[in-house]
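Reviewing the structure listed below.
What you are looking at is a predicted structure, and each value in this text was computed from that prediction instead of being measured. Numbered from 1 within each chain, the chains take letters A, B, ... in sequence-line order.
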Amino acid sequence: MLPLPLPWWATACEKRRPKMPLSAAPTALAVVGLVGCLTAFFAATIALTQNDLKRMLAYSTISQLGYMFMGCGAGVFAAGIFHLMTHAFFKSLLFLAAGSVMHAMGGELDMRKMGGLRHKLKWTHLTFLIGTLAISGVPMLAGFFSKDEILAGDYEGPLGRPLLFWMGTLTAGLTAFYMFRGLCLTFYGKSRVEPEAEHHLHESSSKMTVPLMVLAFFSIVAGYVSWPKAWPFHGHEAFDHYLDPVFDPATKALSYVSAEHVGGLTPEALMGLSVLAGLIGIVLALWWYLKSTEIPDELAERYADVYRILTHKYYVDEFYNFIIVRPLRVISEKFLWPVVDAGAIDNVMVNGTGRSTSAMGDVLRRIQSGNIPSYATWVLLGAVLWVLYIFAFHT
Amino acid sequence: MITLQPLDMMRILPEIVLSVFAVLIMVLEPFVRAGHKKLLGYLALLGVIAAGGASARLTSLLYSWPGMGPAFGGSIAADEFSSFFIGLFMFVAGIVILGSMDYLERDHHQHGEFYALILMGTVGMCFMAASTDLIMIFLGLEISSIATYILAGYRRNDYLCNEASLKYFLLGSFATAFLLYGIAFVYGLTGTTNLLGASVRLAASPQWTPLAHVALILMFVGLAFKLSAAPFQIWAPDVYQGAPAPVTAFMSVGPKAAAFAVLLRVFLGSFTSAGDFSFWILWISAALTMCVGNLGALWQPNIKRLLAYSSIAHAGYVLVGVAAGGQRGISGVLYYLVAYALMNVGAFILIAYLAGADERLVKIDDYRGLASSRPAVAACLTVFFLSLAGFPTTAGFLGKFFIFRAAIHSHLIGLTILALLNSVVSVYYYFRIIVAMYMNDDKKETADAVLPWSVRTVLAICILGIFYLGLMPNDFMGLSTLAAMPLFK
Amino acid sequence: MSWYSTHILTIIIFLPLLGAVTLACLGRERASAIRWVALLFSLLTFLITVCLYSQLDPGRAGMQFQELRLWMFIPPVNYHLGVDGLSALMILLAGFLTPLSVLVSWKSITVRTKEFFIFLLALETGMMGVFASLDLILFFVFWEVMLIPMYFLIGIWGHERRVYAAIKFVLFTMAGSALMLTGIIYLYNITDTFDLPRIMAHLANFSSLSPIAERWLFLAFFIAFAIKVPVFPFHTWLPDAHVEAPTAGSVILAGVLLKMGTYGMLRFCLPLFPDASREFAPLICVLAIIGIIYGALVAMVQPDLKKLVAYSSVAHLGFCVLGIFVFRPEAIEGSIYQMFSHGVSTGALFMLVGMLYDRRHTRLISEFGGLATPLPVYSTFFLIVVLSSLGLPLLNGFVGEFLIIIGAFHSHAAYAAFASIGVVLAAVYLLWMYQRVFYGEVTNSRNLTLSDCDLREKLILTVMVIVIIAMGVYPQPFLRRMDQSVNSIMLRIERHTVILTDRAPAGHTGGGR
């Protein structure tokens, strides 16, 4: 997630008390939408350069979550939840397929050491392809419906903004690009697999491939639960209606908000634009990773700094480590524990009390000299002090 | 002119019985064969029981026959207060005699004089508690003190013991001189040594003269010595350590309780017109005594010395009750003294036997691993220490509770908190012994002899008493309250 | 009404003591018989506590199952017992943890087994007595009496610095209770009784306590409880006591004894001294939050596993104290629930650490690493307990913490914010510890040959995990029975500020549980 505390519990709270649509506050939603947008974009850029298959999918997940927040931010909550559902299908499919690849490769996940796996891992390849198509927003597959609904909402929804739409579309292009990059690097092209691993390569057992196929099926059909109204066959938008009781109050509250539409584009145009972005991404990926495979390396060299920042995930982890993790550890280890706890509290106050008490005891012990005259002197001294006391206080 | 009446003799019947038995023992001693000397002990016990019975009879005749009342022209008062203390002294004397019979046998000491001295000492203490005349008090004090001086040096071949006895004698006489001086001043001021008479005359003047204050202070010094109240406690550690353990048991409880009886009668029962003055004396003494006693005990390696300091500290707690005053304070004090007697005598008697012949093993280190080798003995000792520390379900806790209740009722909150904190400190040194016994696995040489039945009886009585007073205080509390009443007539 | 049902509390309190006496009669060589007898008595007591808890009437306000006998006449102290939802839950907790403690010490206590179990059972008597007492002196008696068995448990069967830790524990606690006794007696002076219900009735009349007196009395009680909980900065006895105690000792100490502090705050400080509670609340909340965060931070850098868990107790109980002093019904319910669930989770953690110590005789995290490989079953149990401790939803830790944070949020949003940081920090130190100990490669060759849990250990841990999950998924049976107690506490707290209308019991304002 972006280094911002996302007010996700705002949504959670909203669900706990449906009487008060907390999330109907425009400013809050604007923040949500903006954060979601930035998340989607930046995560996608990171995914562009990752070489670890699973890490790429991880950042892809973050990016898609950003999409869901964009949906909520624009006021089309149902779309966000819809994307959540479809994303569940194809992302889990992609991860499981990655696991299958990893199993076949004997634990290796670096895509630079893969390539041409589609020959040996037929089912894995097929299902991975379906998942990739779904996430890229290729029409008729699940991802397309949900992503499109979000982008449409970004544009013309109650709180939609053009900025959200254009960024979303750009990110859709990036998504298609890096997903196909992953696909190509892993399954197509020349095999860069190391000789020892080569022997290992085999398709996974049906225990692994059957779930993949099931998920692939749902990645295709899951979108149909919410066929858009504007389309032929008069879409029922069943999913959105299913969620109406939950979001109704919020939607009603939002209906009084006037959105700043630019207005210009029709829904069909919007759809077309997002599909176009996806296609551009796909084509670019196929070109750079299938045909002219030297281009990525050249670009990496030419824009070495940008490349490095992206590969290191904008140094966010390092930043956190520096600002939060290391200071906390150092403070706790060097200061809080030894100085405050063991030192000030325990040593000075607690044990100190014990030591001073016993020091007093020691002093008293030494008064007992064993010498009778000194004892007698004490008695006399005591008597004299008492008599003096009388004359000081009671006369 | 004071004429002797039969009633007077009746009213000191317990003391008479004890004296007769004491003399009898001394007379019979040469006639008893060696090896059967214990018979003398049984005789002494018989005497104690008889005297106790006499005292009880006196009390029970309260309503049907004038058993209670003044005697000897007002010098002696046989009232509930004195009966309570006489009962306590009888009890202490009884268990000390019972507990020391085998001790004397083991270490080959003279039996006859020992028992006789204990009995005579008890006589003195009884007189102290029952007296309402200053001279009589002094007499009782001297009788009990001299008996105790001799008892303290009973182990003639042990130089530590001799030193203790000498110290006790010299310093005791010194302190008693103060008492006598104070009594003289009182006589000079009021023309009488009778408590009632003197207090009436002192109360007659609107304000006490400085001389009257000095008189009171001097008397207090003398008493404070006996009580081991600070700063007059200085003799106690050496003497308690040097004296034979059963004698220490006797000394730490008997004369102290007797001195408290005198303190109560004189300061709270009689010279009440001193008011604020005596209150502050008591307050300061209580605070000092508690602190000195507890702090001094912290690092003692010798168990007898540690218990000596602990006795000083307990005297401090009792002084808190005296400072609190009133019905509640006095009944609390009385309850505490009974509890204290049980705890202390039991502990010292047990230590006497664990110390082995000639009392060699009296360091805390000598108790290491006692729990593994003699678990029952260790458990008994633990009970005594827990009671001394004031843990609930033991007599020590309820004693402190009653005293603190009285103290807070009299708004002595600071003193109470000080007392409670002192209790916490005391836990540390009592637990040092428990740590040695339980939490060490070395097996040190302890006196392997099985405890004789007499000692076991004493332990049983003390422990049962501690739990009885700790869990079912109603009877004794009733007795204490009853005993406190004469002071308010 | 049978004798059993009218005296159920007496039975619960004294049955373990009877067990201890029975054990005392057995010869010390018969170690096996000793263990089984101890287990039998503690299980029996547990069953009776379950009966008590289930028979507790959730709808009735006030104390139930009361027993009253005169004990002392002058001053009037009674043997007065009674429970409501709060105390019954604590009794259940004590009853639950004791047989498990017996089981966990089955093999590890080989020296002086008889005394060990005698002390353990005596400790149980003390614990039950504390929770059931309705008379202040009776409460104090049980409170102090409990110290002795615990002292012996730590001092005899503990680890290297056991004597130091034991005496520190006793002295620290006693110092606090010394103040409490002063307060109790002072309160008696004013109200003429030691009986809690009667004192509360007496104090319901506003003019009984002057503000100054109330403040001092509150402090007298509060400090005693704060030491027990422990609240920062009175906490330094805890790490020592926990680390040096034997496993069963740590379990009972963390599981039950610490809760007596928070129990005392709920039972005495808030109802008896509501105005003073309000006055001191900001300071106490700040201390609680410091405890939460400080405890977590120091726990993070501990090299010793047991000390880490000990400091985590400081952090968790900081939540409880915070929940109490924000004076919201949901927070108090959360606090009570957290008391129970912390007892279970941290008890389980100590048991797990103890099992590891039995095998390797070390508690240093650096000595372990990659334990998931040789000890898969153990690692799984450990993971569940760790997740419960850090408050993962669906496990018991979440319910309490969540309610507390909600309540805190309604009082001061800042409290909730800081407390939430504490939740994050809990995840930090727990997960980091788990990673260092269990994940990755086996770094120390001695760990390769370790044996996984045997049947007894699996039994103990399964029971704990079942309770953890059940409490996390279905907290309603427990929350329901707390409602009346929380209500009565809230009534006393709010007597100035709120004109009481028809209040729904606190259990329903949380929205669809």
Side-chain angles (χ1 to χ4, degrees), chain B residues 327-328 331-332 335 371-372 375-376 378-379 382 386 389-394 397-398 400-411 413-429 431-432 434-441 470-475 477-478 480-481, chain C residues 24 28 70-77 79 111-112 114-115 118-119 125-126 129 137-148 151-152 154-158 162-164 166-168 170-190 194 213 216 220:
Chain B
Q327 177 110 31
R328 291 177 174 82
S331 50
Y335 196 91
S372 334
T382 309
L386 287 178
F391 274 93
T393 70
T394 60
F397 169 69
L398 279 188
K400 286 196 179 134
F401 171 60
F402 291 136
I403 285 186
F404 294 150
R405 167 193 155 232
I408 293 191
H409 185 83
S410 310
H411 298 287
I413 304 201
L415 197 59
T416 311
I417 295 185
L418 186 64
L420 279 164
L421 289 177
N422 268 296
S423 291
V424 175
V425 171
S426 74
V427 167
Y428 178 75
Y429 58 79
F431 274 38
R432 271 180 63 216
I434 297 183
V435 166
M437 289 195 295
Y438 280 91
M439 293 164 201
N440 279 307
D441 288 324
L471 291 170
M472 287 181 272
N474 291 320
D475 300 327
M477 202 47 193
S480 311
T481 320
Chain C
R28 36 179 53 206
L70 265 68
W71 181 20
M72 299 186 218
F73 299 142
I74 325 153
V77 176
Y79 176 76
V111 185
R112 294 153 103 177
K114 184 165 107 160
E115 282 90 347
I118 290 179
F119 284 127
T125 295
I137 294 295
L138 191 66
F139 171 81
F140 184 82
V141 166
F142 279 116
W143 178 274
E144 293 268 291
V145 158
M146 208 184 40
L147 291 181
I148 318 263
Y151 171 76
F152 280 108
I154 299 179
I156 302 182
W157 292 276
R162 58 187 186 272
V163 175
Y164 168 74
I167 197 68
K168 195 173 179 182
V170 170
L171 289 180
F172 232 122
T173 313
M174 275 194 86
S177 35
L179 289 172
M180 184 163 73
L181 185 61
T182 315
I184 291 177
I185 301 181
Y186 191 84
L187 198 56
Y188 161 74
N189 249 0
I190 298 179
F194 285 110
W216 282 109

Heavy-atom distance under 4.5 Å to chain B: side chain of [X], backbone, both or neither?
X       : result
I137(C) : side chain
I167(C) : side chain
F140(C) : both

Quick one: what part of [X] sits under 4.5 Å from any heavy atom of chain C, side chain, backbone, both or neither?
X       : result
F404(B) : both
T382(B) : side chain
T394(B) : neither
A371(B) : both

Item to check | Heavy-atom closest contact (S331(B) atom, S480(B) atom, distance) | outcome: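 Closest pair (atom of S331(B), atom of S480(B), distance): O-CB, 3.5 Å.
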
Next on the checklist: Could you report the tightest heavy-atom contact between I154(C) and R162(C), atom names first, then the distance?
Outcome noted: O-CB, 3.2 Å

Checklist entry - Top residue by heavy-atom pair count (under 4.5 Å) with chain C, among M477(B), R432(B), R405(B)? => result R405(B)

Checklist entry - For residues S177(C) and E144(C), is any side-chain donor paired with an opposing acceptor at under 3.5 Å? => result yes

Checklist entry - If you draw a 6.0 Å radius around CZ in F142(C), do more than 12 non-hydrogen atoms from other residues or ligands fall strictly inside? => result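 Yes, enclosed.
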
Checklist entry - Should we count CH2 of W216(C) as having more than 12 external heavy atoms under 6.0 Å? => result no

